[in-house]
Amino acid sequence: MTVKVHEKLLLTGAAGGLGQALRERLKANCTVLRLSDREDFGPARAREEVVLADLANADAVDGMVKDVEAIVHLGGVSVEGPFMPILQANILGVFNLYEAARKHGVKRVIFASSNHVTGFYRQSETITADHPPRPDGMYGVSKAFGEDISRLYFDRYGIETACIRIGSSFPEPKDRRMLATWLSFDDLHRLITACLTTPVLGHSIVFGMSDNAVTWWDNSRARHIGYVPQDSSDVFRDAVFARTASPDLADPVAIYQGGGFVKAGPFGL
Ligand code: NAI
Ligand code: 15L
């Protein structure tokens with residue numbers, strides 16, 4: 001597969017867990033990788049540019065987006081919590097990002113959405129991208145907003161977006177729930193590469209998961225992306241069962257796909 005189809009790519013959220021995991025991997029996808037976060041993460045390395053910007057600052061976002069062809073947007077609040085930071089980073093921030101993308105002619109965006117857009121489906125259900133959102137908190141609501149605004153900018157301005165509803169992307173699954181939701185870093189990179197290089201992306205929603213035997217998500221609506229996962233949580237299954245207790249099947253954490261997020265709160269500013 002040809003993976004390098006862009007001269008300059010922007011990676012937001014570069015100081016975060018997934019940003020650090022993707023920093024070297026994404027250099028296969030471009031000539032120059034521009035990295036951004038609001039936190040300082042040190043100097044640029046070879047074939048990199050560093051632009052510090054708060055997503056809530058429209059002028060800073062405009063400068064961050066200028067001259068890039070495509071964006072991998074990971075930046076933002078990544079867990080449930082007070083609403084104001086979520087509003088600033090995940091709602092105002094995504095508006096600023098798409099406005100800047102429109103002004104500067106960016107053609108394609110890969111948006112880090114989340115499984116928490118659909119966290120109130122049951123762990124006994126299999127859902128597709130056609131199922132309506134059922135967010136499990138304000139964080140999930142903010143990701144649903146990102147999916148909707150990206151659809152608007154596709155319908156109105158033709159900016160293609162892949163909304164990747166990432167499951168749980170960590171070095172290993174941490175608990176039994178993550179046997180279903182786990183996405184390895186290499187598979188995340190494979191999925192982003194597929195989204196960046198598929199000839200026609202349109203506006204697509206895809207669940208970000210590895211080839212796990214237990215799954216709640218059906219990616220049949222996203223075959224045009226051409227993502228073929230190569231890792232699986234199954235190799236961790238015995239170890240995860242050995243170190244974790246059986247779930248309480250009356251607990252919402254074990255009932256719903258969002259796990260602990262469905263009980264996080266109370267909500268507040
Ligand atoms: P993280 O919390 O480690 O990284 C997020 C980064 O965004 C941080 O470096 C933070 O400084 C930056 N950020 C936050 N607010 C900002 C603002 N106002 N302006 C500029 N930068 C800001 O999260 P992680 O795990 O790396 O996730 C990356 C993305 O993927 C997030 O959008 C998250 O919601 C999404 N995601 C991650 C999952 C995972 O399993 N790691 C699962 C589902 C979604
Ligand atoms: C997410 O959306 C979070 O960003 C990540 O930290 C995990 O908690 C993940 O979902 C998950 O559901 O495991």
Side-chain angles (χ1 to χ4, degrees), residues 1 13 16-26 74 78-80 110 112-131 133-137 139-140 143 162-195 204-223 225-264:
M1 185 202 287
L18 296 187
Q20 292 177 56
L22 288 169
R23 183 172 182 168
E24 291 305 322
R25 288 173 169 88
L26 279 178
L74 305 184
S78 62
V79 288
E80 191 59 58
I110 315 305
S113 184
S114 171
N115 71 88
H116 297 289
V117 169
T118 49
F120 261 120
Y121 285 96
R122 289 174 178 262
Q123 295 190 12
S124 52
E125 288 177 280
T126 303
I127 59 170
T128 73
D130 292 343
H131 281 69
R134 290 179 75 172
D136 56 29
Y139 167 66
K143 292 294 185 179
C163 300
I164 303 182
R165 288 183 183 162
I166 302 172
S168 307
S169 195
F170 298 103
E172 292 185 9
K174 297 176 184 174
D175 54 29
R176 295 189 189 197
R177 172 180 169 273
M178 288 192 191
L179 293 172
T181 60
W182 189 61
L183 172 66
S184 73
F185 293 154
D186 283 338
D187 276 345
L188 173 60
H189 179 236
R190 285 183 190 106
L191 176 51
I192 290 172
T193 297
C195 293
S204 301
I205 293 172
V206 57
F207 293 95
M209 57 186 174
S210 284
D211 186 19
N212 310 323
V214 172
T215 182
W216 308 323
W217 307 322
D218 170 356
N219 264 336
S220 57
R221 305 294 189 275
R223 290 206 177 107
I225 291 175
Y227 166 53
V228 183
Q230 291 180 25
D231 296 321
S232 170
S233 66
D234 302 350
V235 296
F236 301 104
R237 192 186 179 104
D238 289 348
V240 169
F241 267 69
R243 69 167 185 262
T244 57
S246 294
D248 171 2
L249 297 181
D251 185 348
V253 170
I255 294 174
Y256 297 107
Q257 297 185 3
F261 280 58
V262 306
K263 292 205 302 194

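Since this is a predicted model, take the numbers as computed values, not measurements. Just so you know, residue 1 is the first one in the sequence shown, and it goes up from there.
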Using side-chain heavy atoms (C-beta onward) and a distance below 4.5 Å, is [X] in contact with [Y]?
X: Met209; Y: Asn219; result: yes
X: Lys174; Y: Ser168; result: no
X: Ile255; Y: Arg122; result: yes
X: Val228; Y: Arg190; result: no
X: His131; Y: Thr118; result: no
X: Asp136; Y: Gln257; result: no
X: Thr126; Y: Tyr121; result: no

[Y] backbone acceptor or donor facing [X] side chain under 3.5 Å:
X: Gln123; Y: Val253; result: yes
X: Lys143; Y: Ala112; result: yes
X: Arg221; Y: Asp130; result: no
X: Trp216; Y: Ile127; result: no
X: Ser233; Y: Leu179; result: yes
X: Asn212; Y: Ser232; result: no

Kindly give the heavy-atom pair with the smallest separation between [X] and [Y], and that separation in Å.
X: Ala264; Y: Glu80; result: CB-CG, 3.7 Å
X: Arg177; Y: Gly258; result: NE-C, 3.7 Å
X: Ala129; Y: Phe207; result: N-CE1, 3.7 Å
X: His189; Y: Leu26; result: CD2-CD2, 3.9 Å
X: Gly208; Y: Leu183; result: O-CB, 3.6 Å

At what distance, to the nearest 0.5 angstrom, does [atom1] of [X] lie from [atom2] of [Y]?
X: Ser169; Y: Leu22; atom1: OG; atom2: CG; answer: 7.5 Å
X: Ile205; Y: Trp217; atom1: CD1; atom2: CH2; answer: 13.5 Å
X: Ile192; Y: Leu18; atom1: CD1; atom2: CG; answer: 8.0 Å
X: Ser114; Y: Phe261; atom1: OG; atom2: CZ; answer: 6.5 Å
X: Ile164; Y: Leu188; atom1: CD1; atom2: CG; answer: 6.5 Å

Listing request: all salt bridge (Lys or Arg N to Asp or Glu O under 4.0 Å) pairs with a residue in residues 254-263, at least two apart in sequence or in separate chains. Asp251-Lys263
Parallel, tilted or perpendicular: rings of His116 and Tyr139 (30°, 60°): tilted
Does the plane of the ring in Tyr256 sit parallel, tilted or perpendicular to the ring in Phe120? Use 30° and 60° as the thresholds. perpendicular
Hey, is CZ on Arg223 packed in by over 12 heavy atoms from elsewhere, all under 6.0 Å? no
Exceeds 12 heavy-atom contacts within 6.0 angstrom, atom CZ of Arg237: no
Quick one about Ser220 and Asp218 (side-chain donor to acceptor, distance below 3.5 Å, no hydrogens or angles considered), yes or no? yes
With distance as the sole criterion, is a donor-acceptor pair present between the side chains of Asp187 and Ser210 under 3.5 Å? yes
Could you go step by step and tell me if Trp182 and Asp231 meet the side chain to side chain contact (heavy atoms under 4.5 Å, CB included) rule? CA-CA 10 Å; Trp182 189 61; Asp231 296 321; 4.3 Å; yes
